[in-house]
Each structure stands twice: as C-alpha cells, then as structure tokens.
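Note on naming: letters A, B, ... go to the chains in the order of the sequence lines (proteins, then strands), and numbering restarts at 1 for each one.
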2 protein chains.
Amino acid sequence: MRERTDPRLLRSREAMVAAATELLTESGLEAVTHQAVAARAGVGRATVYRHWPGLLDLRLAALESGMPPLPPMPEELRTATGGDPRTELVHRLSVLAERWDDEQAGAVLAAILGGSRHDEGMRRLRESLLEQIADALRPAVAAAVARGQLRSDVTPETFAMATAGPLFFERFLAGNRLGRDTVETVVDAALRAWA
Amino acid sequence: MRERTDPRLLRSREAMVAAATELLTESGLEAVTHQAVAARAGVGRATVYRHWPGLLDLRLAALESGMPPLPPMPEELRTATGGDPRTELVHRLSVLAERWDDEQAGAVLAAILGGSRHDEGMRRLRESLLEQIADALRPAVAAAVARGQLRSDVTPETFAMATAGPLFFERFLAGNRLGRDTVETVVDAALRAWA
DNA sequence: CCACTATGAGTCATCTTGTCTCATAATGGT
DNA sequence: ACCATTATGAGACAAGATGACTCATAGTGG
C-alpha cells in the first residue's frame with residue numbers, strides 16, 4: 001500500500017496549492033479553476049483533476065491553505081503580560097488584525113461568507129474560523145471575568161462579537177487597515193461595555 | 001430620440017433583473033450569467049447581452065437591485081420615540097438587522113466584499129452601503145451626543161462600527177439570526193462603551 | 001396606417017470543461 | 001543495480017459555454 005510519501009505527489013500538490021492560493025488572492029475564488037491552477041503551477045491539467053476531482057474540492061483546498069490556524073500565544077509573552085487580561089486581549093486581537101490586513105484575507109473571508117450557505121465544506125471553514133477567534137480570546141476573557149473586569153456572563157463568543165465584529169467591519173466594509181490603535185480602541189470599548 | 005418609455009424594454013429589463021436577483025440569492029454571484037438570466041427570465045440570450053454587454057455590468061445590476069436604500073425613518077415613529085436616541089438607534093438598527101436576516105443579504109454582501117478589491121463598481125456599492133448605515137444612524141447619534149449620552153467625538157461612522165460590526169459578525173460569521181433582543185444588547189453595549 | 005426598434009431564434013467560431021488514453025520517467029522495494 | 005509500481009504531461013475528445021453576428025417578426029409611438 002502506498003504511503004503519502006511519494007515526493008512527486010507532494011511536489012506537485014504543493015505547487016498546485018500555492019498556485020491556487022495565489023489565484024484566490026489575486027482574483028478571487030472564481031479564478032481558481034483546474035485549468036488556471038494547472039497553468040500557473042506548471043502542471044498538467046489532468047494532474048489537478050486527479051488530486052481534486054471536483055471544483056469545490058479544489059477551491060476548499062485553496063481556502064484552507066489561506067486560513068492557517070492562528071499562532072498560539074507565545075509563553076514568554078504570556079508571562080510578560082503579567083497576567084493582565086487587557087494586554088493579552090490586545091495582543092490576541094492584534095494577531096487577528098494583522099492577518100486580516102493581509103491581502104488574501106478579504107478574498108478568503110468573502111468566499112467563506114458567500115459559500116457557506118451552499119456548501120458544507122465552506123460552512124465547516126466558517127465555523128472553524130469562529131472557533132479560532134473564540135479560542136484565541138478564551139483564556140483572557142476567563143481571566144478578565146475572574147478579576148471582575150468583565151461581567152460573569154460574558155463568553156468568549158460574546159466578546160468575539162464585540163471586538164472582532166467591529167474590526168471586521170472596519171477592515172472589510174469601511175476598507176481601512178487595522179493598526180494597533182484601532183485594536184486598543186475596540187478592546188477598551190468592549191471592556192467598558194461589558195464590565 | 002428614444003425615451004426610456006418603451007414598454008418592451010422595461011418589461012424585459014424587469015424580468016431579467018428579477019431573474020438575476022433570484023439567481024444571486026439562490027446560488028451566488030457566480031450563477032449570474034447571461035445565459036442563466038436569459039433562461040430564467042424567458043428571454044433571448046441576445047437580449048441580455050444587449051442590455052448588459054459585459055458580465056460585470058449584469059452582475060452589478062443584480063447586486064444593486066439586491067441592496068435598495070434603507071427605508072427612511074417614518075415620521076410618526078420619530079415623534080413616537082419622544083426624541084429618545086436609544087429607541088431611535090434600536091429602531092434604525094432593527095431595520096438593518098431585518099434586512100440582513102433576509103436570505104439574499106448574505107449573497108449580496110459577500111459578493112461586494114469579495115469583489116470590491118477588483119472592481120470599481122463593487123467598490124462604489126460597498127461605499128454606498130457604508131454610507132447608508134452611517135446616514136441611518138446620523139440623527140440619533142447626533143441627538144445622543146447633544147444629550148451627553150455619547151462622547152462628543154463619536155461619529156456616526158464610529159457608532160456604525162460599534163454596532164453594525166457586531167451585528168454583521170453575529171449574522172454572517174456566527175450564522176445566527178438577528179432578533180430585536182440582539183439589536184438592543186448591541187446598542188446598549190455601544191452606548192455604555194462610548195458614553 | 002407606417003416607420004421604428006426591441007426582441008427571439010438562430011448561426012458561427014472560439015474557448016472551457018471533464019474524461020480518457022498512452023508513453024515517459026521518477027520512485028520504492030528487492 | 002534492477003524492476004514493478006505509479007504519478008505525471010501531453011494530447012484527443014465530446015459536450016457545453018461564450019460572445020458576436022444576422023434576420024424575420026411583432027409591439028410601439030407618431
């Protein structure tokens with residue numbers, strides 16, 4: 001039985017995923033087709049069909065590679081915050097904001113929002129994105145609740161809505177880049193609102 | 001010179017726009033093509049090309065018809081609020097939330113978010129959407145500032161970020177319908193945060 | 001009643017899509 | 001070093017989509 005170790009398979013797969021991600025970033029999900037990916041990856045068209053028989057499979061691969069998990073909070077930074085929830089919240093949301101500042105984020109998010117109503121795979125991606133954000137905020141929200149800085153009924157999901165929501169709005173509806181000042185403003189507003 | 005009054009022109013145009021909007025709602029922007037619109041509208045393929053020679057023109061027409069201007073605040077309701085900013089804010093945002101609850105809203109917004117990076121027309125649509133929201137909140141925000149319920153540096157744009165942002169997040173990222181309770185929660189949080 | 005014009009049907013060349021075959025060469029086990 | 005395995009690129013192919021065109025017809029405005 002074949003393992004997943006054939007270098008040819010990995011090489012071409014890597015090239016195709018890279019090409020698909022580029023196309024997604026540059027021209028949106030519509031531009032991700034077997035033909036376009038093959039051409040850009042320098043690969044036979046049939047090869048793309050072999051790896052992802054369906055168009056949705058191919059596009060899902062592009063989207064997945066476009067939204068890797070958020071890097072975890074570095075331990076040295078966590079201790080450096082002195083356990084201050086606000087500092088940690090600002091840091092976690094800055095990581096998110098930085099990612100959303102990236103060019104490809106808009107393409108990925110728009111595709112997920114639009115596609116999740118029709119496609120199960122995209123719905124999964126949307127939910128995992130939501131979970132990613134909530135998980136990133138979970139420890140700091142818990143700490144803030146423990147210290148009485150947030151009401152005890154504030155969940156990570158609620159706090160995500162209160163912070164990631166405005167950031168999303170500012171970035172993708174207003175079209176503005178997200179600086180650390182914006183993140184701090186949003187975090188402070190949420191802390192005031194839910195104290 | 002021909003006026004825009006030829007009934008044939010208006011009839012077929014109306015049928016095509018309706019068909020395009022349906023396709024957009026049901027299957028996303030990608031499904032809006034000259035051929036599909038012609039088939040659904042019961043119209044010749046050439047006719048669709050005559051009205052919108054380019055694919056982007058056609059899709060823009062579908063998007064525009066999918067985001068008509070928000071209805072203005074009814075005068076009787078405005079007086080009924082007794083000039084209370086919170087009540088008016090809740091009302092205005094409930095109108096927005098109701099629209100976003102609609103099935104087609106997700107398709108329209110996702111298309112605009114994704115397309116506004118590449119297409120000038122979609123960028124215009126995105127900006128007009130933003131303006132729509134800010135304008136809807138403008139009088140109530142001004143009133144709240146005048147009464148000292150909001151800091152004097154809070155603009156309609158800021159308040160839109162603080163309220164429409166979370167609503168957008170809740171509706172399209174978390175996938176939850178927006179009830180009046182959600183709107184009230186969000187408005188109250190924003191009023192606390194920016195008092 | 002008539003000149004006008006939007007329309008539907010159709011044709012046509014070109015491109016895209018999905019499936020298939022086959023020779024080739026890289027690969028892993030022996 | 002050898003060989004059976006297998007992923008690949010090139011290409012053929014039918015079916016369908018695309019965009020531009022022509023033309024007879026019928027609804028329209030004067």
Side-chain angles (χ1 to χ4, degrees), chain A residues 1-24 26-63 65 111 114-115 118-119 121-122, chain B residues 1-24 26-63 65 111 114-115 118-119 121-122:
Chain A
M1 62 206 76
R2 52 174 155 130
E3 291 297 314
R4 294 291 166 102
T5 51
D6 191 329
R8 293 172 293 178
L9 203 152
L10 299 177
R11 242 197 324 270
S12 50
R13 185 176 205 87
E14 193 181 356
M16 288 184 282
V17 169
T21 306
E22 284 175 28
L23 287 164
L24 171 63
E26 291 170 14
S27 318
L29 194 64
E30 270 190 89
V32 181
T33 65
H34 290 91
Q35 179 168 252
V37 168
R40 176 160 313 207
V43 142
R45 204 157 56 90
T47 302
V48 188
Y49 279 102
R50 256 179 236 119
H51 283 247
W52 300 279
L55 182 54
L56 269 171
D57 304 321
L58 175 62
R59 290 180 170 174
L60 267 182
L63 288 172
S65 98
H118 304 297
D119 180 63
M122 296 215 190
Chain B
M1 61 206 80
R2 53 174 154 133
E3 292 298 314
R4 292 293 165 102
T5 51
D6 191 327
R8 294 173 293 180
L9 204 150
L10 298 177
R11 240 195 328 269
S12 50
R13 184 177 207 87
E14 192 181 354
M16 289 185 281
V17 169
T21 306
E22 284 174 27
L23 287 165
L24 170 63
E26 291 169 16
S27 319
L29 194 63
E30 270 190 90
V32 180
T33 65
H34 290 90
Q35 179 167 253
V37 168
R40 177 163 307 211
V43 142
R45 206 157 54 91
T47 302
V48 188
Y49 279 103
R50 259 179 234 117
H51 282 248
W52 300 278
L55 182 55
L56 269 170
D57 304 321
L58 175 61
R59 292 181 168 173
L60 267 183
L63 289 172
S65 97
H118 305 297
D119 179 63
M122 297 214 189

Between P of dG18(C) and CG of L58(A), the distance in whole Å: 10 Å
Check: E30(B) main-chain N/O paired with R59(B) side-chain donor or acceptor under 3.5 Å: yes
Rounded interatomic separation in angstrom, taking CG from L56(B) and P from dG19(D): 11 Å
Whole angstrom value for the distance that separates C1' of dA10(D) from CD of Q35(A): 14 Å
Residue pair A41(B) / A15(B): nearest heavy atoms and the distance that separates them: CB-O, 3.6 Å
Rounded distance (Å) that lies between atom C1' of dG18(C) and atom CH2 of W52(A): 17 Å
Under 3.5 Å: donor-acceptor pair, side chain of H51(A), backbone of L58(A): no
Side-chain N or O of T47(A) closer than 4.0 Å to phosphate OP1/OP2 of dG9(D): yes
Side-chain donor or acceptor of H118(B) paired with backbone N/O of E26(A) under 3.5 Å: yes
Sugar-phosphate, base or nothing in reach of G54(B), heavy atoms under 4.0 Å: nothing
dG8(C) base / R45(B) side chain donor-acceptor hit below 3.5 Å: no
First encountered from the 5' end of DNA chain D, between R11(A) and R11(B): R11(A)
Value rounded to 0.5 Å, distance of CE in M16(A) from NE2 in H34(A): 9.5 Å
Toward the 5' end of DNA chain D, by each residue's nearest nucleotide, T33(B) or P7(B): T33(B)
Selected nucleotide, minimal atom distance to H34(B) side chain, candidates dG19(D), dA6(C), dA10(D): dG19(D)
Gap between atoms OH and P, on Y49(A) and dC20(C) respectively (whole Å): 12 Å
For atom CG of D6(A) and atom C1' of dA26(C), their distance in whole Å: 8 Å
R50(A) CZ - dT6(D) C1' separation (whole Å): 10 Å
Length of the line joining R8(B):CZ and dC4(C):P, which is rounded to integer Å: 13 Å
